[in-house]
Amino acid sequence: MPTPIITLTTDFGAADGFPAAMKAAILGRIRDVTLVDVTHDVPPQDVAHASFVLGTVARRFPAGTVHCAVVDPGVGSERAAIVAAGPDGQVYVGPDNGIFTHVISLAGGVSPGSSHDRPFLAHYRAAVPDGWQAWAVDVAAMDSGEVSRTFHGRDVFAPVAAQLAGGASPAEMGELVAEVTLLNLPGPRQSDDGLIGRVQYIDRFGNAATDIFADAVPPGHFHTLAGNRAISGLSESYASAQGAGCIVASHGFLEIFVPGGNAAEELGLGVGDEVTVRV
Amino acid sequence: MPTPIITLTTDFGAADGFPAAMKAAILGRIRDVTLVDVTHDVPPQDVAHASFVLGTVARRFPAGTVHCAVVDPGVGSERAAIVAAGPDGQVYVGPDNGIFTHVISLAGGVSPGSSHDRPFLAHYRAAVPDGWQAWAVDVAAMDSGEVSRTFHGRDVFAPVAAQLAGGASPAEMGELVAEVTLLNLPGPRQSDDGLIGRVQYIDRFGNAATDIFADAVPPGHFHTLAGNRAISGLSESYASAQGAGCIVASHGFLEIFVPGGNAAEELGLGVGDEVTVRV
Amino acid sequence: MPTPIITLTTDFGAADGFPAAMKAAILGRIRDVTLVDVTHDVPPQDVAHASFVLGTVARRFPAGTVHCAVVDPGVGSERAAIVAAGPDGQVYVGPDNGIFTHVISLAGGVSPGSSHDRPFLAHYRAAVPDGWQAWAVDVAAMDSGEVSRTFHGRDVFAPVAAQLAGGASPAEMGELVAEVTLLNLPGPRQSDDGLIGRVQYIDRFGNAATDIFADAVPPGHFHTLAGNRAISGLSESYASAQGAGCIVASHGFLEIFVPGGNAAEELGLGVGDEVTVRV
């Protein structure tokens, strides 16, 4: 059997040692494991940011990888801890707060049951999507001697990830559930002005990813209205644009960028802002 | 034999490649090893920060783990390089400047020989505590071809950690010592006003950990005076509080927090500030 | 065969998951591998910063280590992807934009073919230096199903690194090339005022590394003029200086520092600024 892989995605930051405490909990249960940090620099309690990052990265790992994601404003409350498994052959462990929305929705960029009548990225309850299964972790039955009220990353999610990586089946962790929490990602809508999408993520370079997936990008020439700018056409690379540009980025979404600059700052773009594509 | 584990705790930051140079020094000596970063984002030269983080994390690793900690304002001076081993079954390598204080003191939160007459977190010399042994590394006898005056992390501590992880005994590194340097952590004191503790650590979320350990927290209802606020009672989870709250956090100390906010900023709390618990 | 090692050096930051996408691409091709982050916090698109860090760290890894470096303002343009192998027994993969300059030049600190008539750190084309070989990756022939125009770290460099770590020879990746891009590092020059070097790197602590390598440092007493300060003599350790000091640092270059302070800020030093050593 190849060495199991566990990835970690959190908002714990690097300075306080919280990710290391999770790794200690894993290594105490399974010693021969490859640990990969997806990121620990999710902005504090920004579930949507974590969801986007995990959505772009997780399915690229070998099948069977266990992804442990902990951005958890509701730690210690009644929110469930879930394990989810889907058609991509990966296994996910984390709070049931929408953190796996992009993992579920990324092919096409629209979350199942989402709606334009609900605020962008708002939480809602949805039936577990086709092809997926989800289980609620039975925390009371866990092998941990201690489960704190404040650090389920260490006391619940990491131990469950270690057990799954060691070969336990998700069904050993708890009961199947029929519903999960998702973030509202209804995708762009057609209007008389054109295709109206929204900025859903801004990366380190200031590139602003919209919710307009590759398959919705018009084939011919178009203009994109983003922030204070009208951008003509589609670039094939970051280096080829003069001034602000539009590109289908590596995650598959239409993205606004400025070569060598920061598009979000220069164009005044934030998450949730509308972007219009006009043929 | 399971794969040995070495953890790294430094103030080297991520940008300059210093932790990677330590890992190169380790991997050149022991190839089959699990390397875990506890943190490299200790504020520059903040030995107390590193001590707290390591204290909360280290004992959670499997027994036999080697913890290499390098926050070392005195590099190149006469301060000793030490190896320490204690009742927790872990092995510690680093400068003899108090960086292992919390590792030694965490059960109860009081450093052996500490005193209310000495400034909070000040350095002092203490007898090696019961159950512990410490050795001074004989740097002149090291196998390294080169020992720089500026980077003992790479040239002394990492090589020693690699040797220990590979099975060398601490006694091979140098002579036993009778005293080590600790940071002054005398714990809270009773006064007419109540139990007076101090803030000893502020984490990424702005949570302010005091030096009042779980076993000193009064059983019934109490008020906590912290910064500009009086907090009523004890919360069971971060999510359950309205406004500022008090909780026994995952490290075992009483902690001041604001749900979804930054307690240190909002209450004006810094390391060393007094916090009063009044029944 | 020992477990192969791949190191990663990028400007991708930690927050967006880009390094994890590279690791996924590697682990999908080679499962038994040690992954080491040199840094992902290179300032965006700062090729010279990455070059310096990699130069100080790479050669310290065991021979055969594959170093994958991606700071790539020209991604998607015509710049080549190269593999380079040199007398240090290491293998390098990255864009042909000068990112391996310090790796090649570090013994002595001068890049082959560099000139005082060209701006400091400017790009130029140079013959592949003696003892080195370089190959241009044939991207069209890659095994990846998909090569995006925006993320060669994931789609080109990581897959090539994985193949090399798995035992493929560089010649399998593409054709030998005769020239590579380097950054102009001509080293210090003698003048009537003394030896005039430049600041080439500023680290987390504010230490300012010059381009004056150890072997060019005068043997006797000297003064160093740096920013707004004249520094007398050479320190043997950071702790031993009073105020600003000069030291031959662990990377081998003369460095300006302030004990417990930030030399770059306090002396007003930036990359490219002149530093004069006067006997």
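Computed over heavy atoms, backbone and side chain alike; hydrogens, waters and symmetry mates excluded. In what follows, every chain begins at residue 1, and chains take the letters A, B, ... in the order their sequences are listed. None of the values given here were measured: they were computed from a predicted structure.
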Short question: side chain of B/His152, backbone of B/Val70 - any donor-acceptor pair under 3.5 Å? no
Over 60° means perpendicular and under 30° means parallel, so classify the ring planes of C/His221 and C/His223, tilted if in between. perpendicular
Below 4.5 Å from any heavy atom of chain B, which atoms of C/Ile202 appear? Answer side chain, backbone, both or neither. backbone
Contacting moiety of C/Thr34, where chain B heavy atoms sit under 4.5 Å: side chain
Would the number of heavy atoms belonging to other residues, nucleotides or ligands and lying under 6.0 Å from CD of C/Glu266 be above 12? yes
Determine whether the aromatic ring centres of residues B/Phe52 and B/His102 are separated by less than 6.0 angstrom. yes
So which residue, C/Ser235, C/Ala239, C/Ser250, ends up with the most heavy-atom pairs under 4.5 Å with chain B? C/Ser250
The reported gap from OG in B/Ser148 to CD1 in C/Ile247 (rounded to nearest 0.5 angstrom) is 8.5 Å
Chain B contact via C/Phe257 - which portion, at a heavy-atom distance below 4.5 Å: neither
Heavy-atom pair count under 4.5 Å with chain B, highest-scoring of C/Asp203, C/Asp37, C/Val248: C/Asp203
Taking the six-membered ring for Trp, are B/Phe151 and B/Phe12 parallel (under 30°), tilted (30 to 60°) or perpendicular (over 60°)? perpendicular
Should the pair B/Phe18 and C/Phe205 be assigned to parallel (<30°), tilted (30 to 60°) or perpendicular (>60°) ring geometry? tilted
Turns out that what part of B/Asp72 lies under 4.5 Å from chain C's heavy atoms comes down to neither
Applying a strict 4.5 Å limit to non-hydrogen atoms, the region of C/Val42 in contact with chain B is neither
Greatest number of non-hydrogen atom pairs under 4.5 angstrom with chain C, of B/Pro73, B/Gly74, B/Gly17, falls to B/Gly17
Checking heavy-atom separations under 4.5 Å from chain C, one finds in residues 19-27 of chain B B/Ala20, B/Ala21, B/Lys23, B/Ala24, B/Leu27
With a cut-off of 3.5 Å and sequence neighbours excluded, list every side-chain donor-acceptor pair involving residues 54-64 of chain C.
unit_1: C/Thr56; atom_1: OG1; unit_2: C/Val53; atom_2: O; d: 2.8
unit_1: C/Arg59; atom_1: NE; unit_2: C/Gly55; atom_2: O; d: 3.4

Which value, rounded to the nearest 0.5 Å, describes the distance between C/His49 atom NE2 and B/Asp16 atom CG? 5.5 Å
Do C/Pro87 and C/Trp132 touch side chain to side chain, with heavy atoms closer than 4.5 Å? yes
Under 4.5 Å from any heavy atom of chain C - which part of B/Thr150: both
